[in-house]
Colleague: 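Could you have a look at this structure, given as structure tokens, before my questions?
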Amino acid sequence: MFRPLPFRYALVLLFLMGACKRTDPKDTAFYYWKTTFDLSAKQKTLLRKTNTKAIYIRYFDVKWNDLHKRSYPEAVVRFDQGACPLPVIPVIYITNKTFEKMPKNGIDSLAFNCVKLVTQLSSQQKFRPVKLQVDCDWTLKTRDAYFTFLAAIKKRSKCTLEATIRLHQIKYAHLTGVPPVDRGVLMFYNMGKLNANLKQTNSIYNGEDAGHYLRHLKAYPLSLDVALPIFSWAIQIRNGRMIQVYQKLDRMNLENLNFEKLAVTENAFRAKKSFYLLGIYIKQNDIFKVEETNAQSLEKAASQLAKNLPEDSKRTIIYYELANIDTTIFRAETIRQVSACF
């Protein structure tokens, strides 16, 4: 039986449908960034209803160990429910510090070990990846080492290679360079610095900051897919200093009797006492600043970005991320309409 949408969702959908209409909507995909791959029934339904084409699974992180003076893989993914029901694109997250510290003669062996681990994890799921993505916020100082690593990864993996691109790397491409990959993925989020300032604008997405970079997009020489935010987080502040960021904490967790809302902003909550919440120790007077995305801000980001991108029939729209998605906020209808912006 047909059930009408709640009024607030109907309004959002009407707004989205009016803002973004394309006869050839681009492919939809999701990131999955949790250490254990285990899709819920709601996540599987969302994938089916959005006609998702692939899942970008973070396979592992690569971080530099100062004690042993070498890089190590961390947080290697574990597949708890067997094979993924959709094509998988492995993602390697690697810290910029790795390339600051690593000697030049270690770069090729790092690429070899990364490809080896990707191959092992994929073989366990009985598939051979044809596409691979590397995520690193490289700098001018690490550009040459990182680009050498990418070239070695492409040669060894024989995969189509993608690299994530930040907005500042678009604007200052003449300095930061263009990575030697087949496609880039523009991360259209995390636009501000995380800090304890309760009055600071949302660092996940704000259109004003984004606007300073967008005019450079059409001149960028690398074809770009798009990554959009469907997440929120809570910043824990103690004695005026940021001490941690939690994606598993949201406004609903903080709107309870153990917290009081601060007058300075509707997004800040002070702990009335010391206690544990979801395994997190919260000290009396700790402040949590919530930064959120919702259907309206997601559409605004997509509409703003789509107007400034060159046409690309092969573009994929990737949503970050599936493991912690709130399906009451980001419904299948919303995702489909946002993807249609491009």
Side-chain angles (χ1 to χ4, degrees), residues 29-35 37 54-64 71-77 87-102 107 110-111 113-119 121-122 129-154 156-157 159-170 173 176-191 194 203-205 213 220 222-231 233 245 247 315-324:
F30 286 87
Y31 281 110
Y32 192 97
W33 218 256
K34 205 172 181 180
T35 305
F37 183 78
I55 301 181
Y56 288 73
I57 299 179
R58 186 209 57 83
Y59 265 33
F60 53 89
D61 301 339
V62 178
K63 296 183 178 180
W64 183 260
S71 59
Y72 284 96
E74 293 187 3
V76 179
V77 71
V88 170
I89 292 91
V91 181
I92 302 168
Y93 170 75
I94 186 164
T95 63
N96 188 56
K97 183 179 179 180
T98 299
F99 296 108
E100 290 177 342
K101 299 291 187 177
M102 175 164 287
I107 293 175
L110 174 62
N113 289 327
C114 285
V115 171
K116 181 180 179 180
L117 185 51
V118 166
T119 302
L121 293 169
S122 300
V130 297
K131 184 185 294 186
L132 178 63
Q133 186 180 120
V134 180
D135 180 16
C136 178
D137 190 6
W138 82 92
T139 62
L140 179 61
K141 180 180 178 181
T142 60
R143 178 189 65 189
D144 293 344
Y146 177 52
F147 287 7
T148 299
F149 170 78
L150 289 175
I153 283 278
K154 182 169 176 59
R156 291 187 175 279
S157 69
C159 291
T160 298
L161 188 61
E162 299 179 340
T164 55
I165 314 289
R166 277 73 175 172
L167 282 169
H168 68 90
Q169 292 159 347
I170 297 283
T176 58
V178 178
V181 294
D182 299 293
R183 292 185 72 86
V185 179
L186 176 60
M187 299 174 67
F188 202 58
Y189 50 86
N190 293 1
M191 298 176 182
L194 291 167
S203 67
I204 298 175
Y205 165 75
Y213 299 89
Y220 195 68
L222 191 62
S223 297
L224 294 172
D225 294 326
V226 170
L228 294 173
I230 51 171
F231 67 92
W233 54 35
V245 180
Q247 280 199 38
R315 180 167 291 128
T316 297
I317 313 304
I318 316 168
Y319 295 90
Y320 182 88
E321 56 91 30
L322 184 63
N324 294 296

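In this chain, numbering begins with 1 at the start of the sequence shown.
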Colleague: Hey, does Thr160 have a side-chain heavy atom less than 4.5 Å from the side chain of Val130?
Modeller: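 No. Closest side-chain heavy atoms not under 4.5 Å.
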Colleague: Looking at every non-hydrogen atom in both residues, tell me the closest pair between Cys136 and Thr164 and how far apart they are.
Modeller: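 Result for this residue pair: N-OG1, 3.5 Å.
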Colleague: Report the distance from atom CD1 of Ile57 to atom CZ of Phe30, rounding to the nearest 0.5 Å.
Modeller: 13.5 Å
Colleague: Distance check, rounded to the nearest 0.5 Å: Ile89 atom CD1 versus Arg58 atom CZ?
Modeller: 15.5 Å
Colleague: Return the CG to CG distance between Leu186 and Leu167, rounded to the nearest 0.5 Å.
Modeller: 5.0 Å
Colleague: Side chains of Val118 and Cys114, heavy atoms from C-beta outward: is any pair under 4.5 Å?
Modeller: no
Colleague: Within this structure, what is the OH-CG distance for the pair Tyr59 and Leu121, rounded to the nearest 0.5 Å?
Modeller: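 Rounded to the nearest 0.5 Å, the OH-CG separation comes to 6.0 Å.
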Colleague: Would you say the side chain of Leu224 lies within less than 4.5 Å of the side chain of Ile170, judging by non-hydrogen atoms?
Modeller: yes
Colleague: What residues, two or more places apart in sequence or in another chain, satisfy ring-ring contact (aromatic ring centres under 6.0 Å, His included) together with Phe231?
Modeller: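 For Phe231 the ring-ring contact (aromatic ring centres under 6.0 Å, His included) partners, ignoring immediate neighbours, are Tyr189, Trp233, Tyr320.
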Colleague: Just to verify, which of Tyr93, Phe37, Tyr56 counts as forming a ring-ring contact (aromatic ring centres under 6.0 Å, His included) with Tyr31?
Modeller: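 With Tyr31 as partner, ring-ring contact (aromatic ring centres under 6.0 Å, His included) holds for just one option, Tyr56.
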Colleague: Which of these, Gln133, Arg315, Arg183, sits in a side chain to side chain donor-acceptor pair (under 3.5 Å) with Asp225?
Modeller: Arg183
Colleague: Do you know the tightest heavy-atom contact between Pro129 and Cys159?
Modeller: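 Where Pro129 meets Cys159 most closely, the heavy atoms are O-SG, 3.2 Å.
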Colleague: Taking all heavy atoms of Thr95 and all of Trp64, pick out the closest pair and write down the distance.
Modeller: OG1-N, 4.1 Å
Colleague: Kindly indicate, with the supporting measurements, whether the criterion side-chain hydrogen bond (donor to acceptor under 3.5 Å, both in side chains) is fulfilled by Ser122 and Thr119.
Modeller: CA-CA 5 Å; Ser122 300; Thr119 302; over 6 Å; no
Colleague: Does Lys131 pair with Asp182 as a salt bridge, N-O distance under 4.0 Å?
Modeller: no
Colleague: Identify, with sequence neighbours excluded, every residue that meets ring-ring contact (aromatic ring centres under 6.0 Å, His included) alongside Phe99.
Modeller: Tyr146, Phe149
Colleague: I need the Thr35 OG1 to Glu74 CD distance, nearest 0.5 Å.
Modeller: 10.5 Å
Colleague: Looking at every heavy atom in both Leu161 and Leu150, which two are closest together, and how far apart are they?
Modeller: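 Smallest interatomic distance, heavy atoms only, reads CD2-O, 3.4 Å.
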Colleague: Looking at every non-hydrogen atom in both residues, tell me the closest pair between Gln169 and Thr176 and how far apart they are.
Modeller: O-OG1, 3.4 Å
Colleague: What I'd like to find out is whether the side chain of Ser71 reaches to under 4.5 Å of the side chain of Met102, using heavy atoms alone.
Modeller: yes
Colleague: Could you tell me whether Glu100 and Lys141 make a salt bridge, using a distance below 4.0 angstrom between a side-chain N and a carboxylate O?
Modeller: no
Colleague: About how many Å separate OH of Tyr72 and OG1 of Thr98, when rounded to the nearest 0.5 Å?
Modeller: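 Going from OG1 on Thr98 over to OH on Tyr72, the span is 12.5 Å.
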Colleague: Assess the residue pair Ile107 and Leu110 against the criterion (side-chain contact (heavy atoms from CB on, under 4.5 Å)); give the C-alpha distance rounded to whole Å, side-chain angles, the decisive distance to 0.1 Å, and a yes or no.
Modeller: CA-CA 5 Å; Ile107 293 175; Leu110 174 62; 5.6 Å; no
Colleague: Might you point out which heavy atoms bring Pro179 and Trp138 nearest each other, and give the distance in Å?
Modeller: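 Looks like CD-CH2, 3.8 Å.
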Colleague: So do Asn113 and Val62 actually touch side chain to side chain, heavy atoms under 4.5 Å?
Modeller: no
Colleague: Taking only Lys NZ, Arg NE, NH1 and NH2, and the carboxylate oxygens of Asp or Glu, determine whether Lys97 and Asp137 approach each other closer than 4.0 Å.
Modeller: no
